[in-house]
Amino acid sequence: MALTKEEVEKVALLARLRLSPDELELMTTQLNKIVEYVEQLREVDTTDVEPLAHPLPVTNVFRRDEVRPSLPREEALRNAPDHDDEFFLVPPVLE
Amino acid sequence: MSTTTDVAPYTVVIGLEVHVQLLTQSKLFCACRNRFGDPPNTNVCPVCLGMPGVLPVMNRQAFELALRAAVALNCKIARFTKWDRKNYYYPDLPKNYQISQYDLPFSSDGYLEIPVEGGTKRVGIIRVHLEEDAGKLLHGEGGKRSQVDLNRAGTPLLEIVTRPDMNSPAEARTFLEELRLLLRYLEVSDCNMQEGSLRCDANINLHVHHNGEIIATPIVEVKNMNSFRAVERAMAYEMERQYEEWKRTGARLGEVPKETRGWDENRNITVSQRRKEEASDYRYFPEPDLVPVTVTEEELERVRESIGELPAQRRLRFISGYALPEYDARVIVEQGKKFADYFERVARGLEHAKNASNWMLQDVLRTLNERGWTIEEFPIAAEKLCDLIRRVERREVNTHAAREVFAEMLEGGGDPGEIIERKGLAMVSDEDALRQVVAAVLDKNPKVIEDFKKKKGKKRAQVAGFVRGLVMRETRGKADASLVEKLVNEMIVERAGVGFDS
Amino acid sequence: MTASEIVHLTARQLRSLFEEGRLSAEEIVSAYLERIRAYDRHVGAFLLVDEEGALQQARTLDERKARGEPLGPLAAVPVAIKDVLCTQGMRTTCASRILHNFVPPYDATVIRKLREADAVLIGKTNMDEFAMGSSTENSGFQITRNPWDLDRAPGGSSGGSAAAVAACFSPMALGSDTGGSIRQPAALCGVVGLKPTYGRVSRYGLVAFASSLDQVGPFAWDVPDTALLLQVIAGHDPMDSTSVEIEVPDYLATLDQPVGGLRIGVVREWLADGVDEQVAKAVEQAIDVYRALGAKIQDITLPHSKYGIPAYYIVAPAEASSNLARYDGVHYGYRAADYDDMVDMYCRTRAEGFGAEVKRRVMLGTYALSAGYYEAYYLKALKVRRVIREDFDRAFEQVDIVLGPTSPTPAFRLGERIDDPISMYLSDVYTVTANLAGIAGISIPCGFTADGLPVGLQLLAPPFEEERLLRAARMYERETNWHTRRPDLERVVAQFEAKQSASAG
Ligand SMILES: [Mg+2]
Ligand SMILES: [Zn+2]
C-alpha cells in the first residue's frame with residue numbers, strides 16, 4: 001500500500017521533523033520505494049516464530065541501589081542551548 | 001453511593017490511575033539521588049539527562065519495592081516481564097521516550113479491599129507496572145520561557161490502574177486512603193500528594209437508568225487533582241456535570257471522543273483541556289537497552305514472607321486481640337506502621353489495651369500534632385509510657401497526676417517512678433486522711449450543704465462535683481478520684497440529711 | 001627511525017620499541033601527527049585531531065616510563081576514535097550538525113579502557129551521520145576519500161576510522177558496526193575490521209543508532225593488532241545491561257595456533273548473482289588457501305539471508321527513530337534560531353540539524369512503529385530476524401566458520417550511490433545478517449582488483465567465539481601478504497590532483 005503525502009506529513013509531526021513542500025514530495029517518493037522494498041518480508045513464513053528483539057540470552061541485570069555523585073550543575077547545563085544557571089530554558093509550554 | 005431511584009437516577013463509575021514514587025536511595029536507571037526538594041538540576045548525570053550514548057541499568061531495590069506492592073495488592077506476578085519505550089516529545093522527558101511497561105507488565109489482576117459502610121469492598125487492580133518519572137517544568141512569570149528541572153527525571157514510579165469499581169466520590173477517596181496506608185506500611189512510598197509522590201488521575205462516567213435501560217455516558221479523564229479532598233470534590237462535581245450534560249445532549253459512551261478535564265482547585269470545577277495537536281501515538285516497542293526480568297516462585301515466596309501483616313489485617317487483630325473498639329483500631333493503624341508498633345509495645349505491658357489506646361489517641365497524638373513530630377521523633381520510649389499507664393492502672397497515681405508526669409517526661413525525659421517520687425505525685429488513697437480533708441472542706445464551705453438541700457436531682461450532683469474539685473485542689477490532684485467521690489457523696493448526704501435522689 | 005618508517009609499523013612493534021626505549025612516545029605521536037598534517041586534507045579521515053592532547057599524553061607516558069612505572073598494553077600506541085564514541089572534554093558530534101558543539105562530560109567505557117591501557121587518543125574520525133550509511137558521504141561536515149583511490153568512498157559508516165588506518169594516520173582505530181559499518185569499510189580500505197558478538201563490548205558511551213544491533217569494534221592492519229585492541233575493549237560493563245558476563249579469553253596467547261580440523265562453510269548464494277566478479281575471484285582464491293591448509297570446505301546455505309536488508313531497514317530505523325528523539329535542542333546540541341512555539345522549535349531544530357539520510361530513516365522508523373503498522377512491519381521484521389538467526393544456528397552445527405565476501409563490490413565512486421538509498425543499502429547485504437543474529441564477524445584483506453582496490457574476506461563465528469574467529473583469520477593471514485600492502489599516498493594524491501586538474505582544464 002502506498003503512503004500518501006498526508007500520511008507522511010502525519011509521520012513527520014510524530015517525528016518532529018519540519019519538511020518543506022519539496023522535501024515532503026521527495027520523502028513520500030523515497031519512503032514508498034523503501035516500504036515497497038521491505039514488503040518482501042511478507043514472503044517469509046513466520047507462523048509460530050517468536051519475535052527476536054534481543055540477540056542475547058540474558059535476563060535479570062540489576063544494579064545496587066547506591067547513590068553516587070551527580071554532575072556539578074554547571075557541567076549538566078554546559079551543553080544546553082539556553083539556560084539560566086539553574087534550569088534548562090525552553091519556549092513557553094502550556095499545560 | 002449508587003442510587004437508582006428518583007433522587008439521582010444513575011450510578012457513577014470511577015476508575016483511578018495512580019502513580020507513586022518509590023522510596024529508593026537512587027534513581028531507577030542511574031546512581032543519582034532520588035530526593036525531593038533539592039536545588040534544580042543538582043541530582044542529574046549523563047544517564048538521566050539522556051545524553052548521547054548513555055544506557056539504563058535497573059535499580060534492584062526499585063524492582064523489589066514494586067514487586068512487594070504488587071504482591072500486597074493481590075496481583076498475579078508475571079514470570080517473565082520486559083520493558084518498553086513509550087515515545088512522546090516533552091521537554092521534561094530528556095530522551096523523549098519514557099521507559100515503561102506495555103504489553104507484559106510485571107503484575108496484573110489484583111485487588112484492594114477498602115472499608116465501606118457495613119463491611120469491605122474489593123476494588124480491582126488491572127495492572128501495576130514500573131516506569132521512570134519525568135522531570136518538572138516550571139512556567140515562569142510572563143510566560144517568555146519555561147524552566148526545566150530534571151532532578152525528578154528517571155526516578156522510579158509505580159503505576160497502579162484500577163478497574164472502574166468505585167461508585168461514589170467517597171469510595172474513590174477511601175480507595176486512595178487505603179492505598180496510601182498500604183504503601184506506607186510496605187515502605188514502598190511515602191505517598192505525599194503535596195510533594196507529588198502520589199499522583200492520581202480519574203476516569204469517570206455514569207450509568208444512567210432511563211426508561212428501564214442503562215445508558216453509559218462518555219468517559220471523561222480528570223487530571224490535576226492535588227489532594228484526596230480534591231479527588232472527592234472533583235468526582236462529585238463531575239458526576240453532577242455529566243448528568244446535566246447527558247440530560248442536555250443524550251451523548252452515550254463511544255459517540256464522542258474521550259475528553260480530558262482538569263480540576264480547578266480555586267473555582268471548584270473541572271475545565272476541559274485543550275486537545276493535543278495530534279492524536280497520541282506512543283509507538284511502544286521493546287526497550288533494547290534493558291534485558292527482561294524473570295521471577296521465580298522462590299523469589300515470590302521470599303517477597304510474600306517479607307511483607308508481613310498488612311494494615312487491614314492489623315486492624316482486625318487490634319479489634320479481636322486487644323479488644324479495641326473499631327474506631328480506635330482504625331485510627332491507630334491509620335497513623336502508620338511505626339505508630340501502631342509503638343502502640344503495641346505500650347499495650348502489651350498493660351491490663352487493658354484500651355488504656356494504651358486512650359493515651360495514644362489523646363495525649364500522644366495531640367503532642368505529635370502540636371509539635372509536628374512523627375512517632376519516631378517522640379521522646380518518650382514506649383516502655384516508659386507503658387510504665388506510667390501501668391501505675392495508673394494499679395492506682396499508684398491518678399490520671400491527673402499522670403498527665404503531669406507525662407508532661408515532665410516529654411520535656412526532660414526521666415523515669416515515671418522517679419518523677420512521681422520526686423514531685424510527690426503518688427496517689428493519696430488513705431481513707432482516713434481523705435475523710436479529714438473532705439470534712440475540712442465542708443467545714444470551710446457551709447453554704448454547700450444549704451445549696452445541696454435546696455437543689456434537686458442533677459443539680460445536687462453538680463454540688464458534689466464542686467466539692468470533689470475543692471478536695472482535689474486541696475490534695476494537689478493526687479487523691480484517688482474514685483475514693484474522693486465515694487467519701488464526698490457519703491459525707492454530704494450525712495450532713496445534709498437528704499440523699500441524692502430524694 | 002624516520003617518521004615515515006614509524007607510521008608503517010604495527011601497534012605491537014610500536015609498543016615494544018617504546019618499551020625497549022628505542023622510540024619515545026613523543027616521537028611516535030609526532031610521526032603520526034606529521035603524516036596527518038601532510039595527507040588528511042586529501043583523505044578527510046578526521047573531524048578532530050587532538051594534537052595538543054595527544055602530545056601531552058605522549059610526554060606523560062615518556063615521563064612515566066622514565067620513572068619505571070608499569071605501562072598499559074597499548075602504551076604509546078595512537079588510536080583513532082570514530083566520532084560516535086563519547087570522549088570526555090573532547091567534542092563528539094556523530095558527524096551531525098545537531099551535535100556540532102557537544103562536549104560530553106563523560107567517557108565511553110571503551111574510551112576509559114583505552115586510557116587505562118595507555119593508548120594515545122589521536123582524534124575523532126569522520127562517519128556517516130549517526131552511523132547511517134555505507135560510504136561516509138552522509139557526514140554533516142565533510143567527505144572522506146578512500147586512501148587507495150581518492151575518487152572512491154572508504155565505505156561506511158566507520159569510513160573515517162578505516163581510512164585513518166589505511167592511510168597510516170593511526171595504527172589502529174575504533175569503529176561501530178550496526179549493519180556492517182566496521183567490516184564493509186575495512187574491506188573497502190584494505191584493513192582488518194572486527195565486529196564483536198553483540199554483548200562482548202560495552203556500548204556505554206557509544207551514541208546509539210540501533211541499540212539491539214550496535215557493537216564497537218577494532219580496526220588494524222593485521223589480525224594480531226586487531227586481537228590486541230579487542231582484548232583491551234572487550235568485557236562485561238556494569239553500565240551496559242546488554243554486555244554479557246562471559247570471560248574474555250587471552251586472544252593473543254592462542255592467536256597463532258591454527259584451528260585443528262577447521263570446518264569452513266561457504267555461503268554459496270553470496271558468491272552468485274550480484275557479487276562483483278573480481279571480488280568473487282579473490283574470495284575463491286582465499287578458499288583455496290584454506291583448503292591447502294587442510295580446512296574442510298563445504299557449501300552451506302543461509303536461505304533467509306536475502307531478507308537481511310529488508311528486516312534491517314525496519315528494525316534499525318525503528319530503534320533509531322526513538323534513539324534520535326533526544327536531539328531536540330533542549331538539553332544539548334543545536335537549536336534552531338527561529339520558531340513559533342515548543343513543537344515548532346523541535347521540528348525546525350531537527351529539520352535543520354539532521355541530514356537527509358537520517359531524516360529518511362527517522363521517518364521510516366516512526367512509520368514502522370506507528371499505530372496500525374507495528375505488527376505488519378516491526379513485529380514481522382523481528383520474526384524474520386529470528387529466522388535469520390536460526391539459519392546461522394543450523395550452519396554452525398555443521399561448520400566452525402562461515403565464509404563469504406564482505407562487500408559485493410570493491411570501493412565505489414563517491415556520489416555513485418548517494419541518490420539511490422536502496423542501492424546504498426545493498427552495500428551491506430553480506431554483513432547485515434551478523435548484526436541481526438548478534439554473532440561475531442571479521443573482514444580481512446584477501447586481494448586486490450585490477451584497479452588496485454582492496455577486496456575483503458568475511459569470516460563469521462558463533463556468539464562469543466571471537467577467539468576462533470581470530471585464529472581462523474590468522475591462519476589465512478600467515479599464508480598471504482595482502483595485509484602488508486599500504487597505499488602509496490604520495491602517488492595516490494599526485495594522480496588524483498592530476499586527474500582533477502585535467503577534468504577542470
Ligand atoms: Mg504511567
Ligand atoms: Zn542520573
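Protein chains get the first letters and strands the later ones, always in sequence-line order, with residue 1 at the start of each.
- In terms of heavy-atom proximity, Asp341(C) sits nearest to Pro91(A) at C-CB, 4.2 Å.
- With hydrogens and angles left out, the side-chain atoms of Glu39(A) and Tyr377(C) include a donor and acceptor closer than 3.5 Å.
- For CD of Glu390(C), the number of neighbouring non-hydrogen atoms (other residues, nucleotides, ligands) closer than 6.0 Å is greater than 12.
- The part of Ala437(C) that comes within reach of chain A is its backbone (N, CA, C, O), which places non-hydrogen atoms under 4.5 angstrom from that chain.
- Looking at Asp344(C), only its side chain comes within 4.5 Å of chain A, counting heavy atoms on both sides.
- Counting heavy-atom neighbours within 6.0 Å of Asp338(C) CG, excluding the residue itself, gives a total of 12 or less.
- Side-chain contact check for Val103(C) versus Arg78(A): every heavy-atom pair is 4.5 Å or farther apart.
- Contacts of residues 56-66 of chain A with chain C at a heavy-atom distance below 4.5 Å involve Leu56(A), Val58(A), Val61(A), listed in sequence order.
- For the set Ala351(C), Pro238(C), Gly438(C), the entry with the most heavy-atom pairs within less than 4.5 Å of chain A is Ala351(C).
- With a 4.5 angstrom heavy-atom cutoff, Ala368(C) does not touch chain A via any of its atoms.
- Only the side chain of Arg389(C) comes within contact range of chain A, with heavy atoms under 4.5 Å apart.
- When atom types are taken as modelled, the side chain of Arg348(C) and the backbone of Leu17(A) share no donor-acceptor pair closer than 3.5 angstrom.
- Counting heavy-atom neighbours within 6.0 Å of Glu74(A) CD, excluding the residue itself, gives a total of 12 or less.
- Proximity to chain C at a heavy-atom threshold of 4.5 Å picks out Asn79(A), Ala80(A), Pro81(A), Asp82(A) from residues 79-87 of chain A, in numerical order.
- A side-chain donor-acceptor contact under 3.5 Å links Lys380(C) to the backbone of Val44(A).
- With a 4.5 Å cut-off on non-hydrogen atoms, Tyr425(C) touches chain A through its side chain but not through its backbone.
- The environment of CD in Glu36(A) is sparse: at most 12 heavy-atom neighbours from other residues, nucleotides or ligands sit within 6.0 Å.
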Item to check | From CA spacing to verdict: side chain to side chain contact (heavy atoms under 4.5 Å, CB included), Tyr37(A), Leu426(C) | outcome: CA-CA 11 Å; Tyr37(A) 174 75; Leu426(C) 288 169; 3.5 Å; yes
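- Proximity of a side-chain donor or acceptor of Arg16(A) to a complementary backbone N or O of Cys347(C) within less than 3.5 Å is not detected.
- Looking at Gln30(A), only its side chain comes within 4.5 Å of chain C, counting heavy atoms on both sides.
- Taking CZ from Arg360(C) and CD from Glu23(A), the interatomic distance works out to 11.0 Å, rounded to the nearest 0.5 Å.
- We find that Arg18(A) and Glu352(C) are not joined by a salt bridge, their nearest charged nitrogen and carboxylate oxygen being 4.0 Å or further apart.
- Heavy atoms of Leu364(C) lying under 4.5 Å from chain A belong to its backbone as well as its side chain.
- With a 4.5 Å cut-off on non-hydrogen atoms, Tyr106(C) does not touch chain A at all.
- For a residue to count as touching a neighbouring chain, one of its non-hydrogen atoms must lie under 4.5 Å from one of that chain's; by this rule Ser241(C) touches chain A with backbone and side chain alike.
- Proximity to chain A is limited to the side chain of Pro421(C), based on heavy atoms less than 4.5 angstrom apart.
- The closest side-chain heavy-atom distance from Lys33(A) to Asp420(C) is not below 4.5 Å.
- Proximity to chain A is absent for every atom of Ile388(C), based on heavy atoms less than 4.5 angstrom apart.
- With respect to chain A, the highest number of heavy-atom pairs below 4.5 Å among Asn101(C), Leu213(C), Val330(C) belongs to Val330(C).
- Atoms OG1 and NE2, on Thr46(A) and His304(C) in that order, are 9.5 Å from each other to the nearest 0.5 Å.
- When heavy atoms are compared at a cutoff of 4.5 Å, Leu26(A) does not approach chain C at all.
- Inspection of the Tyr367(C) and Glu7(A) side chains reveals no N or O donor paired with an N or O acceptor under 3.5 Å.
- Once rounded to the nearest 0.5 Å, the distance linking NE2 of His54(A) with OH of Tyr198(C) reads 6.0 Å.
- Between Arg385(C) and Pro55(A) the shortest side-chain heavy-atom distance falls below 4.5 Å.
- If you measure heavy-atom distances from Ile34(A) to chain C, the contacts under 4.5 Å come from both the backbone and the side chain.
- Using a 4.5 Å cut-off between heavy atoms, Met363(C) touches chain A through backbone and side chain atoms alike.
- Only the side chain of Phe354(C) comes within contact range of chain A, with heavy atoms under 4.5 Å apart.
- Put simply, of Ser321(C), Ala325(C), Gly329(C), Ser370(C), the one with the most heavy-atom pairs under 4.5 Å next to chain A is Gly329(C).
- Rounding to the nearest 0.5 angstrom, the gap separating the NE2 atom in His331(C) from the CG atom in Leu77(A) is 10.0 Å.
- For Arg73(A), the CZ atom sits in a packed shell: over 12 heavy atoms of surrounding residues, nucleotides or ligands are nearer than 6.0 Å.
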Checklist entry - Is there a side chain to side chain contact (heavy atoms under 4.5 Å, CB included) between Lys383(C) and Leu41(A) once you walk through the steps? => result CA-CA 10 Å; Lys383(C) 290 178 179 176; Leu41(A) 290 178; over 6 Å; no
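- Taking chain A as the reference chain and counting heavy-atom pairs below 4.5 Å, the highest number among Pro104(C), Ala311(C), Gly199(C), Ser211(C) is found for Ala311(C).
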